[in-house]
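Take a look at the structure below.
Just follow the structure's listing: the first ligand is 1, and inside any ligand the first atom is 1.
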Amino acid sequence: MTEITGSCLCGNVSYMCDTEIKMAINCHCTDCQQATGSAHGTLLFVADDAVEIKGEVTEYSHPADSGNTLTKIFCGRCGSQVAGKNTGREGVIGLRAGCIEQKDIIKPGANIFCDSAIPSTAMDPDMKKFSGMPG
Ligand SMILES: [Zn+2]
Ligand SMILES: [Zn+2]
């Protein structure tokens, strides 16, 4: 079990959980780039029901290429995206690494959607690389 706490930039939204990290990835898809305003998104996937979110969140749902619906969960005041859900991954929530307090636990195992990566983005050559979604 790993204790994870996090918050948005302004502090209006925070969350906590003590759970198992199922998977961690660096995602270079254009959705993550636009949603985070960053070169890529780093996500830690945990059980949805383990996470207690405090504060008023705003959600935005949109269809993915896969046909699944993706939901971004963010602070409507400062805009920080704290988490995301995917109808293709029932019961799982992806926590956005940048909002997590415990920096040492953020250990992505792979880079995914590398086909849409920003060319200047450095990637660890020892990490697995997938052109799109793995498997
Ligand atoms: Zn905020
Ligand atoms: Zn992505």
Side-chain angles (χ1 to χ4, degrees):
M1 296 296 230
T2 306
E3 195 185 305
I4 309 172
T5 52
S7 63
C8 67
L9 179 62
C10 77
N12 260 18
V13 174
S14 63
Y15 62 82
M16 56 183 298
C17 60
D18 193 1
T19 187
E20 173 205 352
I21 299 166
K22 296 173 186 290
M23 188 174 63
I25 47 99
N26 290 329
C27 186
H28 300 266
C29 80
T30 47
D31 284 350
C32 281
Q33 288 167 346
Q34 288 184 302
T36 63
S38 208
H40 66 83
T42 299
L43 285 157
L44 271 67
F45 295 98
V46 300
D48 189 15
D49 58 10
V51 183
E52 189 192 337
I53 298 179
K54 282 186 190 156
E56 199 182 327
V57 294
T58 306
E59 294 191 355
Y60 174 71
S61 293
H62 63 103
D65 291 344
S66 58
N68 297 325
T69 299
L70 305 184
T71 301
K72 311 294 188 232
I73 300 167
F74 56 98
C75 172
R77 185 173 171 219
C78 71
S80 294
Q81 195 195 135
V82 293
K85 288 186 199 179
N86 181 345
T87 53
R89 282 204 189 94
E90 207 64 51
V92 171
I93 189 167
L95 301 174
R96 290 285 187 195
C99 296
I100 294 173
E101 252 176 296
Q102 295 80 4
K103 308 295 184 200
D104 293 346
I105 65 168
I106 300 162
K107 293 171 184 161
N111 284 295
I112 69 168
F113 285 99
C114 294
D115 277 0
S116 48
I118 292 173
S120 64
T121 303
M123 289 188 213
D124 184 342
D126 294 333
M127 264 164 70
K128 275 180 254 169
K129 264 176 105 169
F130 297 91
S131 56
M133 193 77 177

Take the Zn ion (ligand 1) as the vertex and measure to SG of C78 and SG of C10; round to 10°. 110°
Give a yes-or-no answer on whether the side chains of S61 and T71 include a donor-acceptor pair shorter than 3.5 Å. yes
N, O or S atom of C27 closer to the Zn ion (ligand 2) than 2.8 Å: yes
Between the Zn ion (ligand 2) and H28, is there an N, O or S atom separated by less than 2.8 Å? no
So does K107 have more than 12 non-hydrogen atoms from other groups sitting under 6.0 Å from NZ? no
E101 and T5 side chains, donor-acceptor separation under 3.5 Å: yes
For a side chain to side chain contact (heavy atoms under 4.5 Å, CB included) with F45, tell me which candidate from I93, I25, I21 qualifies. I25
